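Bear in mind the structure is a predicted one, so any value in this text is a computation, not a measurement. Atoms considered below: every heavy atom in the structure, side chains included; atoms not considered: hydrogens, waters and symmetry mates. Numbers restart at 1 for each chain; the letters A, B, ... are given by sequence-line order, proteins then strands.
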2 protein chains.
Amino acid sequence: MPTKKHEQFVNAVQEAADQPLNQEMLLSLVGYNCRRAYLSIMPLFHERMSELDLRTVDFSVLSLLHANPNITQKRLSNAINVSPPNLAILLDRLEARGLLLRQRNPLDKRSQTLILTAEGERMAVEAEDKVSALEADATSALSNAERAQLLKLLQKIFQPSRG
Amino acid sequence: MPTKKHEQFVNAVQEAADQPLNQEMLLSLVGYNCRRAYLSIMPLFHERMSELDLRTVDFSVLSLLHANPNITQKRLSNAINVSPPNLAILLDRLEARGLLLRQRNPLDKRSQTLILTAEGERMAVEAEDKVSALEADATSALSNAERAQLLKLLQKIFQPSRG
DNA sequence: TATTGTTATACTCTATAACTATA
DNA sequence: TATAGTTATAGAGTATAACAATA
């Protein structure tokens, strides 16, 4: 025999099931929306880059070394926000694949400088092409102007000094 | 005795050290910028929410249940993109803390509906206030109009159907 | 004494397989 | 037979502590 309280519960559950989800609060947060946008782009990255066997962080390293040959591990570590221990094993893997070289820094023998091999350069160029294309596909709902505006606004958040 | 090759290497290393890092490629990518912006907001989240002992995903759950009482675990799982096994233990913790209740769904006894306790409601309201404030601080480089524009552009990426 | 980089290790997050109960 | 949820477990990603070599 259903009590009144039980009836109210059944009605509340029915009503909840009938209504679309209210996500107003979460959708008002920049952090949440950044994460959702990022997570919506990543599957395409993994699909298209699995052929090159590169993760996002591997791509970041190749791309930065392509544009900045002979920088030290320290500067790379700071730039991509990967801790020295984790960068060490990441570089072990890329070096083992013949994509880059570590060389003792002649100006300060504590540090090591990094440079892509010829194969690493080829891989970097190919990866950059693939990523540019995949990005365009993942953000095809945006016009070029909107995309540029988005980049500007995001950079204001993590580079506030640059206005 | 330094070879010519070695001299060239020393010069290249010196030049690399003297120049600012070129991050043009990475900064042209929406995914990379989303991640950087997200990672710049998170430390503030952890600082301010450690008092409430809530992670981002815990906050998402409390906030969604606050706005959508009596929804099922299935709908919650879909909304926040957390797999059923991982959601189960997350809900175990919040239930053990007295923040929510799981109730067998009277309309389909396979599923369970979720509702915040009085304490859970208080926690949700307090957390939402804190998060709103922290978001404003983390994105203070943006005007209100820019912030609104940013949310719109990000949502276009992961909700392309909504234009 | 401080810095760069490495090794070892622990912790969190996320993903998968197998199971129970209900439809 | 299919679905909601749970348990157990494995893997990836990230963080910390201790160490060697150089400054």
For the pair made of CG in B:L107 and P in C:dT22, what is the distance, rounded to whole Å? 16 Å
Is a donor-acceptor pair below 3.5 Å formed from side chain A:N86 to base D:dA15, judging by atom type as modelled? yes
Spacing of A:L76 atom CG relative to C:dT6 atom P, expressed in whole Å: 11 Å
Tell me what A:R35 touches on the nucleic acid: a base, only sugar-phosphate, or nothing, going by heavy atoms under 4.0 Å. sugar-phosphate
Using a strict 4.0 Å threshold on nitrogen-to-oxygen distance, state whether A:E119 and A:R97 make a salt bridge. no
In whole Å, I'd like the distance from the CD1 atom of A:I80 to the C1' atom of D:dT14. 13 Å
What is the distance from CZ of A:R104 to P of D:dA20, rounded to the nearest Å? 15 Å
If I take atom CZ in residue B:R93 and atom C1' in nucleotide C:dC13, what distance separates them, rounded to the nearest angstrom? 10 Å
Assign A:R102 to base, sugar-phosphate, or nothing according to its heavy-atom contacts below 4.0 angstrom with the strands shown. sugar-phosphate
Answer yes or no: does atom CG of A:N81 have more than 12 heavy-atom neighbours from other residues, nucleotides or ligands under 6.0 Å? no
What do you reckon, is CD of A:Q8 surrounded by more than 12 foreign heavy atoms closer than 6.0 Å? yes
Using a cut-off of 4.0 Å on non-hydrogen atoms, how would the nucleic acid contact of A:D108 be classed: base, sugar-phosphate, or nothing? sugar-phosphate
Tell me: CD of B:E95 to C1' of D:dT6, nearest whole Å? 13 Å
Ion pair A:R48/A:D137, N-O distance below 4.0 Å: yes
Counting any heavy atom closer than 4.0 Å, what does A:R55 reach on the DNA or RNA strands: base, sugar-phosphate only, or nothing? sugar-phosphate
A:R110 side-chain proximity, nearest of D:dT6, C:dA15, D:dT22: D:dT22
Please pick, from C:dT6, C:dT22, D:dA15, the nucleotide with the shortest atom-to-atom distance to any side-chain atom of A:P84. C:dT6
Any chance the side chains of B:N105 and B:Q112 put a donor and an acceptor closer than 3.5 Å? no
Atom-pair distance (CD1 on B:I89; P on D:dT9), nearest Å: 13 Å
Rounded to whole Å, how long is the line connecting atom CG of B:L87 with atom P of C:dA15? 14 Å
Taking the side chain of B:P85 as heavy atoms from C-beta outward, which of D:dT7, C:dG5, D:dG5 is closest to it? D:dT7
Looking at A:Q73, does any N or O in its side chain come under 4.0 Å of the phosphate oxygens OP1/OP2 on C:dT6? yes
